[in-house]
Amino acid sequence: MRFIKDFNSGDRVADIYFCKHIQAATTKNGKTYYSVILQDRTGTVDAKVWDPNSEGIDDFGSLEYIDVYGEVTSFNGALQVNIKRARLCHEGEYDESLYLPVSSKNNDEMFNELLGIINTVKNHYLKELLDALFVKDEEFIRSFRKSSAAKSVHHGFVGGLLEHTLSVTKMCDYFSKSYPAINRDLLITAAICHDIGKTRELSLFPLNDYTDEGQFIGHIVVGSEMIAEKVKDINDFPVLLKQELQHCILAHHGKYEYGSPKMPAIIEALALHLADNTDAKLETFTEILNNTNEVGWLGYNRLMESNLFDTRVES
């Protein structure tokens, strides 16, 4: 299979791809065409069906698999597939694992490592809270392990939320050992729970899109609410401890302009923000490097606010 990340302008495409989205549109001359988003596990690409009424174009819709024949072109600096023929595929013709982006790391191993860290939490209130979510709540666990950490930008793949959470938690564990002022149990619990709201902010793949709750409220506030819901079932959970944990979640984006409802007011909230931002930025840069065919200078990236370069160390 020719994966989307390997497309180059001038290539001819003849393979099955997932139609993430299709929408009818009209040219300036009044001619109808289809705007399509094709997807495989390596990413997405814009595509067009310029003659939707031609004999070689089957009727197909969003979230269906199609056998595509077309040509890769470049438009406004981005690759685009001009679809000449498209046949609707049926179950059994394709392997879904080829079309959904999945973490390169083993999901079972990551989750077991996270459970191991949970078992090191000594505060019995926080341990009971973590167990309520990550040991006893089977519905939450299934969603958490399958969720992405973002619609795009970083960890936007199946298992991405688990991978990101584990990375942030391990970084916070290092912080807690290096800076004695940090309460390790609080920071570790906050790190493990900081993005749990994303299980309700984003739908699972193949959609991986914002839910109504995600659009209206967002994962930061949703995550804080989820903590409050679970704490109700834990006898005598200290009010201040609950507020400190919620504050860590509410402040983990670090700045108001980054969507954070609060600025970090305790050292654990600051440590969580730094770990979250570090993992997100480094993963974003890694994905940029993995998904480019360019060598040397890669161009300006808005998220990094810099013209990026693919490191070349001469020996």
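Note that the structure is predicted; figures quoted are calculated from it, not measured. Just so it is clear, the values below take in all heavy atoms, side chains as well, and ignore hydrogens, waters and symmetry mates.
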Side-chain heavy-atom pair I249, C193 within 4.5 angstrom cut-off: yes

Check against side chain to side chain contact (heavy atoms under 4.5 Å, CB included), I196 and F134: CA-CA 10 Å; I196 59 174; F134 292 90; 4.0 Å; yes

Flag if over 12 foreign heavy atoms under 6.0 Å of OH, Y174: no

F216, CZ atom: more than 12 neighbouring heavy atoms under 6.0 Å: no

Minimal non-hydrogen separation, [X] against [Y], with atom names:
{"X": "C248", "Y": "A269", "value": "SG-N, 3.7 Å"}
{"X": "P264", "Y": "L270", "value": "CB-N, 3.7 Å"}
{"X": "H253", "Y": "S260", "value": "CB-CB, 3.6 Å"}
{"X": "I188", "Y": "I117", "value": "CG2-CG2, 3.8 Å"}

Can you name the residues that form a side chain to side chain contact (heavy atoms under 4.5 Å, CB included) with [X], not counting sequence neighbours?
{"X": "V135", "result": "L115, D131"}
{"X": "I141", "result": "F111, R145"}
{"X": "K105", "result": "S103, M110, E163"}
{"X": "D185", "result": "V121, K122, N123, L126, N183"}

Residue pairs fulfilling salt bridge (Lys or Arg N to Asp or Glu O under 4.0 Å) with at least one residue in residues 217-230, sequence neighbours excluded: D137-K230, R200-E229

Aromatic centroids of Y94 and F18 separated by under 6.0 Å: no

Aromatic plane relationship, H194 with H164 - under 30° parallel, 30 to 60° tilted, over 60° perpendicular: perpendicular

From E96, E91, E93, residue fulfilling side chain to side chain contact (heavy atoms under 4.5 Å, CB included) relative to Y65: E96

Side chain to side chain donor-acceptor pair (under 3.5 Å) between W50 and N82, worked out: CA-CA 7 Å; W50 295 112; N82 290 336; 3.1 Å; yes

Worked verdict on F3 versus L98 for side chain to side chain contact (heavy atoms under 4.5 Å, CB included): CA-CA 9 Å; F3 287 110; L98 295 174; 4.1 Å; yes

Under 3.5 Å side-chain donor-acceptor pair for T27 and N29: no

Stepwise side chain to side chain donor-acceptor pair (under 3.5 Å) check, Q246 with S224: CA-CA 5 Å; Q246 286 183 295; S224 176; 3.0 Å; yes

Common cluster, L38/I16, ILVMFWY with side-chain heavy-atom separation under 4.5 Å: yes

Under 3.5 Å donor-acceptor, S148 side chain and G159 backbone: no

Only distances under 3.5 Å count here; give the side-chain donor-acceptor pairs of residues 51-60 to other protein atoms, sequence neighbours excluded, each with its distance to 0.1 Å.
from: S54; atom 1: OG; to: D51; atom 2: O; distance (Å): 3.1
from: D58; atom 1: OD2; to: L88; atom 2: N; distance (Å): 3.1

Step-by-step side chain to side chain contact (heavy atoms under 4.5 Å, CB included) determination, N119 to K127: CA-CA 8 Å; N119 285 332; K127 177 64 163 56; 3.6 Å; yes

